[in-house]
Amino acid sequence: METHRPHFLDLPFSFLFSPRAPFSFPASTTHRPFFFFSSSMAPVTRRTSFPRVIIERDSDSEQSSSEEEEEAPEEEEEDNDDGVTTENGKTQKLEAGSDPNRKGKSPITISLKKVCKVCKKPGHEAGFKGATYIDCPMKPCFLCKKPGHTTLTCPHRVSTEHGVIPAPHRKASKPLEYVFERQLRPAIPTIKPKYMIPDQVHCAVIRYHSRRVTCLEFHPTKNNILLSGDKKGQLGVWDFGKIHEKVVYGNIHSCILNNMRFVPSNDCMVYSASSDGTLSCTDLETGISSSSINLNPDGWQGPNTWKMLYGMDINFEKGLVLVADNFGFLHLVDMRSNHKTGDAILIHKKGSKVVGLHCNPIQPEILLSCGNDHFARLWDVRRIEAGSSLFNLEHKRVVNSAYFSPISGSKILTTSQDNRLRIWDSIFGNMDTPSREIVHSHDFNRHLTPFKAEWDPKDPSESLAVVGRYISENYNGAALHPIDFIDISTGQLVAEVMDPNITTITPVNKLHPRDDILASGSSRSLFIWKPKEKSAPVVEKDESKIVVCGRAEKKRGKKGGDDSDGSDDERFISKPKKSKSKKTEWKLSQCTTKGKH
DNA sequence: AGCTGATGACCCC
DNA sequence: TGGGGTCCCTCAGC
């Protein structure tokens, strides 16, 4: 292997020691050569006082691991004194002392032996080998977060029934639970329907949004309309029945659009909560919006005072929009006046983000909230005040989402950043511990939209949920991140759907309220999935390419496949790229024709 | 192809 | 309680 010579060795030493030398060691570098620390160092003449430099190369990359392991302990100790990890991930060992002019100094030896890029220790390497990711064995399992094994050997590795941690069985003891078992439970079918899994991309808009997608919402009555929000605050309205009919409204919010809800009495109107601190109500026909709340009327006064709106839901019976901010407060908006009503109520730890709100579908005054204080909390909106929660559901990390089951409203499903889905089978029963925990890879990553497990609103047994997977799997040579369908009553993985052309992670997923359709947002693109037999594959790549894709079984390449937009695949039809200015024009022209659907 | 930037949770002091 | 360092299987643009 051709070794990479550290770039600073190519520089003349005088330049190297200049205080204005235009480079620095990476911030992550923990061990620096002694000479970089001596700020008070006297000027040096390179010929007389600088030690000789010896480069020790890892010439044989096939060197046996046992050999490396034997050497490792010694190297580690020496590393503490004078080792350097360079940007190319190789260890350089600097030995001082062989210069005859300087007593006690040996020559600087630079070792280019490979080290693990995760823990910086030699003897193993972490990272992608082709499409398979090799974990660093020094770290806890990436999936279940427990030490002693890696993801590859994790007992919770997503397959069937391995991820479930059942709560200890408890007998029904509370009167409410008794009532539930007698009256409500019989209404929930125990025999599960045959799931129709939307597992094939039916149509898509590639690079529809200019930033990553943050939320999705199906139109309550028009079956082919999908709303999407993005990190920039833009709101997309796409008629996926007529693939080319799509609008992006860019003037509603100025940053992240966190949540959307249709107004139940008027399905042209949609409320949206944004990190710009406003709750807006937008007419989808005209694109005209009005702010119901603006929490930052005085503009930017610094990050400590800037308020953002996250969780949001509508209580139609009371005519209320409930929206929560990043300081732990709940705000109420009267839909008739479109103005704030009452004072903000502290519902989560002061100063923590409240990322999710959900009104119970049967009893809308029962509110479920979740947030960064590691709790999901149940409230009665009729008597809500700070500290008045009915139940506090503890989690080990941030709770990305908490939803009541869509039909009976008696179950709760939460997604937490500790890589676990939690299910409470009955809000009338024991709420101290979840009924089940399902280990599932949906890690937090600051560059991704947080994962949220979503119920299938059509499943009468209330046991099917969909959630994107963070961790990748090697599928015929491509590292893909599937979307998982999980039977939350057993923890079983019902289906994992993926497409070789979707190489990005898909954290945002929503199942259609009436049809066997899954909408997913991955990076800046939207996908509509249907069950295989119903699919007629058509994909549009926004104004730069028209592509057609289906469920191909073969794809060769390294991690994530290649990024060539599949130009090696004859199902892709390329169109010449248009300029950025035309892109804007296109969006504007689409906005003027929005009244059609 | 390899670098860069955007930028959230969490931990420690 | 707040600031700074660290974590990191991202993604897209150059």
Side-chain angles (χ1 to χ4, degrees), chain A residues 2 4 7 23 26-30 85-89 116-120 125-136 138-143 145 150-152 154 157-158 206-214 230-232 255-256 258 275 302-306 308 310 326-327 349-353 355 371-374 395-400 416-419 441-451 468-475 478-482 502-508 521-525 541-542 544 557-565 577 580 583:
Chain A
E2 184 69 29
H4 180 86
H7 58 294
F23 76 95
S28 60
T29 301
T30 48
T85 305
T86 56
E87 288 161 72
N88 61 8
C116 170
K117 67 177 179 187
V118 175
C119 69
K120 313 280 188 279
E125 281 182 81
F128 276 101
K129 281 257 186 282
T132 306
Y133 189 88
I134 311 296
D135 278 6
C136 169
M138 311 301 282
K139 293 278 176 179
C141 170
F142 192 77
L143 176 56
K145 311 292 184 196
T150 63
T151 314
L152 280 174
C154 177
R157 180 97 180 159
V158 176
I206 311 293
R207 292 187 206 159
Y208 177 38
H209 284 272
S210 55
R211 292 288 183 274
R212 61 167 207 248
V213 172
T214 53
D230 72 20
K231 197 172 157 285
K232 215 176 170 183
C255 59
I256 316 178
N258 291 306
S275 290
N304 294 334
T305 54
W306 186 259
M308 311 187 227
Y310 282 84
N326 59 327
F327 287 96
K349 186 181 168 188
K350 201 170 187 180
S352 74
K353 217 188 265 180
V355 292
N372 279 27
D373 64 352
H374 301 188
H395 293 70
K396 292 207 172 63
R397 295 279 177 211
V398 168
V399 190
N400 289 344
S416 171
Q417 290 181 8
D418 65 354
N419 263 359
S441 171
H442 48 253
D443 281 57
F444 170 77
N445 180 315
R446 64 184 150 164
H447 307 293
L448 297 174
T449 303
F451 290 84
R469 199 193 300 174
Y470 185 49
I471 204 165
S472 69
E473 198 90 47
N474 185 344
Y475 295 97
L480 302 178
H481 309 263
I502 306 172
T503 56
T504 46
I505 292 172
T506 310
V508 194
S522 189
S523 186
R524 293 150 41 180
S525 306
K541 183 157 187 169
D542 200 5
S544 58
K558 52 181 174 119
K559 179 218 162 189
D562 59 38
D563 200 23
S564 61
D565 295 320
K577 280 195 178 181
K580 280 187 181 174
K583 187 178 181 177

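First the proteins, then the strands, lettered A, B, ... as listed; each starts at 1.
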- [ ] With the side chain of His447(A) defined as its heavy atoms from C-beta on, choose the nearest nucleotide among dC9(C), dT7(B), dC11(C).
- [x] dT7(B)

- [ ] Write down the distance between CZ (Arg446(A)) and C1' (dA9(B)), rounded to a whole number of angstrom.
- [x] 10 Å

Task: Nucleotide dG5(B), atom P - distance to CZ of Arg211(A) in whole Å - done: 15 Å

- [ ] Nearest whole angstrom, please: distance from the C1' of dA12(C) to the CD1 of Ile505(A).
- [x] 14 Å

Open item on the list: In this structure, how many angstroms lie between the C1' atom of dC11(B) and the NZ atom of Lys396(A), rounded?
Closed with: 18 Å

TODO: Quickly work out the Asn445(A) CG to dA9(B) C1' distance and round it to whole Å.
DONE: 11 Å

TODO: Return yes if a side-chain donor-acceptor contact under 3.5 Å exists between Ser275(A) and Asn258(A), otherwise no.
DONE: yes

Open item on the list: So Tyr208(A) and Asp230(A), do their side chains get closer than 4.5 Å, heavy atoms only?
Closed with: no

Task: Rounded distance in Å - CD (Gln417(A)) to P (dC11(B)) - done: 12 Å

Open item on the list: Could you tell me if the side chain of Leu152(A) sits less than 4.5 Å from the side chain of Asp135(A), heavy atoms only?
Closed with: no

- [ ] Select base, sugar-phosphate, or nothing to describe what Arg212(A) touches, counting heavy atoms under 4.0 Å on all strands.
- [x] nothing

Task: Side chain of Arg524(A) (C-beta onward), nearest among dA9(B), dT10(C), dG13(C) - done: dG13(C)

Open item on the list: From C-beta outward on Val398(A), which listed nucleotide comes closest to its side chain: dC9(C), dA9(B), dC11(C)?
Closed with: dA9(B)

Open item on the list: The side chain of His374(A) is closest to which nucleotide in this list: dA6(B), dC10(B), dC11(C)?
Closed with: dC10(B)

Please produce a list of atom pairs where a protein N or O lies less than 3.5 Å from an N or O of nucleotides 1-4 of chain C.
none

Open item on the list: I need the NZ-P distance between Lys232(A) and dA12(C), as an integer number of Å.
Closed with: 15 Å

- [ ] Ignoring backbone atoms, establish whether Arg397(A) has a side-chain N or O less than 4.0 Å from OP1 or OP2 of dC7(C).
- [x] no

Open item on the list: Rounding to an integer number of angstrom, what distance separates dC9(C) and dC11(B) when you compare their C1' atoms?
Closed with: 23 Å

TODO: Rounded to the nearest angstrom, tell me the gap between atom NZ in Lys353(A) and atom C1' in dA9(B).
DONE: 9 Å

TODO: Ignoring backbone atoms, test whether Ser523(A) places a side-chain nitrogen or oxygen under 4.0 Å from the OP1 or OP2 oxygen of dA12(C).
DONE: yes

Open item on the list: Quick one, Thr151(A) and Tyr133(A) - any side-chain contact, counting heavy atoms below 4.5 Å?
Closed with: no

Open item on the list: So Glu125(A) and Ile134(A), do their side chains get closer than 4.5 Å, heavy atoms only?
Closed with: no

Open item on the list: For dT10(C) and His481(A) - does any side-chain N or O of the residue sit under 4.0 Å from the phosphate oxygens OP1/OP2?
Closed with: no

Task: Side-chain-base donor-acceptor pair under 3.5 Å for Ser472(A) and dC9(C) - done: yes

- [ ] Assign Asp443(A) to base, sugar-phosphate, or nothing according to its heavy-atom contacts below 4.0 angstrom with the strands shown.
- [x] nothing

Open item on the list: Is any side-chain heavy atom of Val398(A) closer than 4.5 Å to one of Phe444(A)?
Closed with: no

Task: Whether over 12 other heavy atoms sit under 6.0 Å from Lys145(A) NZ - done: yes

Open item on the list: For Ile471(A), is there any backbone N or O sitting under 3.5 Å from a side-chain donor or acceptor partner on Asp443(A)?
Closed with: no

